[in-house]
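In what follows, a structure is listed as structure tokens, so that the remarks can point back to it.
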2 protein chains.
Amino acid sequence: MGAIATNTVILGDCIESLKKLPSKSVDLVFADPPYNLQLGGDLLRPDNSKVDAVDDEWDRFDSFETYDRFTTEWMSECQRVLKDDGAMWVIGSYHNIFRVGAILQTLGFWILNDIVWRKSNPMPNFKGTRFTNAHETLIWAAKGRGSRRYTFNYDAMKMANDDLQMRSDWTFPLCTGEERLKDENGVKAHPTQKPEALLRRVILASTKPGDIILDPFFGTGTTGAAAKQLGRKYIGLEREEQYATLARERIAKVIPLTEADLETMGSKRQEPRIPFGQIVESGMLRPGDTLYCSKGERSARVRADGSLVIGDMAGSIHKVGAMIQSAPACNGWTYWHFKTDKGLAPIDVLRMKMRSSMAQLAA
Amino acid sequence: MGAIATNTVILGDCIESLKKLPSKSVDLVFADPPYNLQLGGDLLRPDNSKVDAVDDEWDRFDSFETYDRFTTEWMSECQRVLKDDGAMWVIGSYHNIFRVGAILQTLGFWILNDIVWRKSNPMPNFKGTRFTNAHETLIWAAKGRGSRRYTFNYDAMKMANDDLQMRSDWTFPLCTGEERLKDENGVKAHPTQKPEALLRRVILASTKPGDIILDPFFGTGTTGAAAKQLGRKYIGLEREEQYATLARERIAKVIPLTEADLETMGSKRQEPRIPFGQIVESGMLRPGDTLYCSKGERSARVRADGSLVIGDMAGSIHKVGAMIQSAPACNGWTYWHFKTDKGLAPIDVLRMKMRSSMAQLAA
DNA sequence: TTCTCACGTGAATCTGTAG
DNA sequence: ACTACAGATTCACGTGAGA
């Protein structure tokens, strides 16, 4: 086996390019394949502006069967190209991730974790028809069931998480602002650019310095940029010349980090927000229970969704508290009280209790 | 089709029992199928013979295939039993959720969301070989692609989340303590008992009071307990007699909420429609009155039939609102305002007044 | 200079009913 | 099947203009 060319972007069809790569030559694959979104018509926000949808030709497939065939092809080539101790990451959404995961298992990959990327700033569901789609899923899998020697930098991950084991749910913002590549008109250069922070965590967790990372859907080269920063090598495959060019220019500007830089990259944690509805869902309060103001003169009834009712007024603890006092605003957590053996206690006590039971959670 | 028996636990093989249920008879399916292929015993072939545990490399495929066949069978029966506007939830971990999701799509179910249950107190990864497996995944899917009338209580969910859209990541603790069912020796009665809070959110989000919820893997009856509490009906299928017995005892102790406590924030889409003409007919506004946009720069005149006029444009409050803004659509109720002592107020205020006076008439 | 506020936008399977 | 139209619907941030 000759030396493989690294730190390069290969222009061309991903499967064709994969076939030319030698077997057992890369340490990690990171793949961000088309999601096969199957969008309908236009989507308008409440302010009537249009959502810039992903309608690119590369994301359109005739059927699930076509998508599955495509997935099977690129993935089995990746499996061949991986070293025996290598591993693969694939990112996707509910549109494609289940097919991706099933195929990967069927091919013999051995799933190590599924990871949830919680977006701190997702796009809302404008029409109020579903839950806000606020996460994507990554699958981390070893080449085969027997591969016990995959790389996992346990201590680096623990360190990055304030000395707690890194969990399978990660919180990062979307790629926006400075980091988001723009064309000459200031329009986003690629519709699905991933945040570098996400890639850095993937790479720090599952590769060693000097490892070779293959990205078969390179796009604008986030994987390459993060790899270079962290002292790893990359091979990017990309079909669209404009993306490949952008990626090369982008990566050229990246300055590799020093050891010292890396140490300061720990993630910050913050107190999790507890909605009042969750207090009710948890059973700490029950629908039908009564809440009182501190003097006990005023009362309201709790409903199953966390709303309060007084007469024909209904709304959140804050809104109803404000209405009843004819005040512009009200902190419902301190205004409303519940009955205990020792008299009235503010519901904020319940929130603190809930917080402490969730103390382990990085927000 | 005769009335279906509800609030009952049916003992027996899940697929056999499903086949006896009438088509299009339930509103929601909640399924917590067996997760792990390797445990054996849990898995039955379609002919009810047991699958032997297999370690052999070459047998791996056979084992996935068996799981897939089992999944396809129970799931297509559920699809048949669901009403056309019904929906299904399935919960799983990375061991099985990808196969479950792919099969569900292939059967024609239409995924609405994938939901991440973040565990606030997961079991750590003791060996430090992977990320702490701190979540499970739920898939929420409509019966088919065309099913647009599935139930989603958007406003109740928004209320439960402090007036923000409910996201696709939910945080709940594991089922522990009092809630966890124990046998006579104090040992947990079921290995995978789900928290009631999780089920309550599922039920509150996607059913109406009185709906029928089918759980084909009933276990110790968390679905039934939550359903009874929330004024929904349940049908539980369970193979193991000891679980079925435990479930019946558990559910018998549950005290349902009263109708008043079950009430949640209602959807605006379901409120009775008031034509604008009726506001004019009632005298709340008079023909010839002027309406303004919120800033007061634009104005239109009200005509006797409830149409608006600006210059030579005339039409409904919505159409004229859209035209004047050159927008594709407009909600006239919130766009147009009328003059009061205290300044401009949206005409939606008048609609709310009208609605409440109509409600009093009905009562 | 610093703060405030309006505006733009992100992998989105995004309405319901009457005729 | 289709059309027409009433009317319901958004969160977190980054940027840049203006105070």
Side-chain angles (χ1 to χ4, degrees), chain A residues 32-56 58-61 64 91-97 117 119-137 171-180 182 186-188 190-195 217 219 273, chain B residues 85 105 109-114 141-142 145-150 152 154-155 158 161-168 267-271 273-277 306 315-322 327-336 347-348 351:
Chain A
D32 182 8
Y35 287 9
N36 188 21
L37 285 187
Q38 304 182 252
L39 301 180
D42 285 348
L43 176 62
L44 297 181
R45 303 167 201 264
D47 65 3
N48 282 320
S49 66
K50 210 175 107 183
V51 172
D52 184 16
V54 178
D55 51 5
D56 305 69
W58 50 255
D59 197 47
R60 285 196 286 267
F61 294 82
F64 282 134
I91 183 167
S93 66
Y94 68 83
H95 310 85
N96 71 324
I97 198 65
W117 167 30
K119 302 177 184 183
S120 53
N121 52 348
M123 187 161 15
N125 180 289
F126 294 115
K127 302 299 186 187
T129 56
R130 303 179 179 189
F131 298 97
T132 307
N133 191 5
H135 74 276
E136 295 187 22
T137 303
T171 307
F172 291 109
L174 296 169
C175 180
T176 59
E178 278 293 289
E179 190 185 320
R180 188 87 194 212
K182 309 280 191 343
V187 178
K188 62 183 175 189
H190 192 284
T192 71
Q193 187 181 339
K194 297 292 178 291
F217 306 96
R273 189 176 59 85
Chain B
D85 296 339
Q105 287 181 307
F109 282 98
W110 192 244
I111 299 182
L112 299 169
N113 278 113
D114 60 335
R145 178 165 189 171
S147 321
R148 301 180 95 165
R149 297 173 47 101
Y150 59 88
F152 179 51
Y154 175 76
D155 297 279
K158 189 170 176 177
N161 193 37
D162 278 359
D163 268 337
L164 293 175
Q165 289 191 340
M166 186 70 81
R167 301 168 36 118
S168 57
S267 160
K268 286 192 183 156
R269 289 191 171 99
Q270 285 168 11
E271 286 184 84
R273 273 176 49 173
I274 310 277
F276 180 68
S316 70
I317 52 172
H318 313 293
K319 224 177 193 173
V320 173
C330 168
N331 183 343
W333 291 106
T334 52
Y335 181 74
W336 293 110
I347 58 175
D348 206 21
R351 182 169 62 162

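Keep in mind the model is a prediction, meaning the values are calculated, not measured. Reminder, nothing fancy here: chain letters follow the sequence lines and each chain counts from 1.
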Salt bridge (Lys or Arg N to Asp or Glu O under 4.0 Å) partners for A/E179, two or more places apart: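 A/E179 satisfies salt bridge (Lys or Arg N to Asp or Glu O under 4.0 Å) with no residue once adjacent residues are dropped.
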Listed partners of B/K319 passing salt bridge (Lys or Arg N to Asp or Glu O under 4.0 Å), at least two apart: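 Partners of B/K319 by the salt bridge (Lys or Arg N to Asp or Glu O under 4.0 Å) criterion come out as none, since no residue qualifies.
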What integer number of Å spans the [atom1] atoms of [N] and [M]?
N: C/dT13; M: D/dA8; atom1: P; result: 23 Å
N: C/dT15; M: C/dA11; atom1: C1'; result: 22 Å
N: C/dA12; M: D/dG7; atom1: P; result: 30 Å
N: D/dG16; M: C/dT1; atom1: P; result: 16 Å

Donor-acceptor contact present, side-chain A/T137 to main-chain A/G92, <3.5 Å: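 A pair under 3.5 Å: no.
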Heavy-atom donor-acceptor pair, A/N121 side chain to A/L174 backbone, under 3.5 Å: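 Yes, because the side chain of A/N121 sits within donor-acceptor range (under 3.5 Å) of the backbone of A/L174.
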Using a 4.0 Å heavy-atom cut-off, does [X] contact any base of the nucleic acid, only the sugar-phosphate backbone, or nothing at all?
X: A/S93; result: nothing
X: B/R351; result: sugar-phosphate
X: B/I274; result: sugar-phosphate
X: A/P122; result: base
X: A/N96; result: nothing
X: B/T334; result: nothing
X: A/P33; result: base

List the atom pairs, donor and acceptor, that lie under 3.5 Å between side-chain atoms in residues 37-48 of chain A and the rest of the protein, sequence neighbours left out.
unit_1, atom_1, unit_2, atom_2, d
A/R45, NE, A/S49, OG, 3.1
A/D47, OD1, A/S49, N, 3.0
A/D47, OD1, A/S49, OG, 2.8
A/N48, ND2, B/A329, O, 2.9

More than 12 heavy atoms of other groups within 6.0 Å of A/K182 NZ: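 Count over threshold, so yes.
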Between [N] ([atom2]) and [X] ([atom1]): distance, integer Å:
X: A/K194; N: C/dG10; atom1: NZ; atom2: P; value: 13 Å
X: A/R180; N: C/dT9; atom1: CZ; atom2: C1'; value: 10 Å
X: A/D56; N: C/dA11; atom1: CG; atom2: P; value: 12 Å

Letter per nucleotide, 5' to 3', of nucleotides 12-19 of chain C [B base touched, S only sugar-phosphate touched, - untouched; heavy atoms, 4.0 Å]: BBBSSS--
Which residues pass the side chain to side chain donor-acceptor pair (under 3.5 Å) test with [X], not counting sequence neighbours?
X: B/D348; result: B/R351
X: B/Q165; result: A/T132, B/Y154
X: A/H190; result: A/T192
X: A/H95; result: A/S93

5' priority, DNA chain D, between B/N331 and B/K319 [closest heavy atom]: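 It is B/K319, whose closest nucleotide lies nearer the 5' terminus.
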Earlier contact from the 5' end, DNA chain D, for A/N121 and B/H318: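 It is B/H318 whose nearest nucleotide is closer to the 5' end.
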Pairing annotation in dot-bracket form, given for DNA chain C with Watson-Crick or G-U pairs under 3.5 Å and | for cross-strand partners: .|||||||||....|||||
A/F126: ring-ring contact (aromatic ring centres under 6.0 Å, His included) partners, not counting sequence neighbours: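 So A/F126 forms no ring-ring contact (aromatic ring centres under 6.0 Å, His included) with any residue.
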Anti or syn - C/dT13, cut at 90° from 0: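 Nucleotide C/dT13 adopts syn.
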Start and end of chain B contact along DNA chain D [non-hydrogen atoms, under 4.0 Å]: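 From 5' to 3', the first and last contacting nucleotides are D/dC5 to D/dA12.
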Salt bridge (Lys or Arg N to Asp or Glu O under 4.0 Å) pairs, two or more places apart, involving residues 123-137 of chain A: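 Passing the test, one end in residues 123-137 of chain A: A/K119-A/E136.
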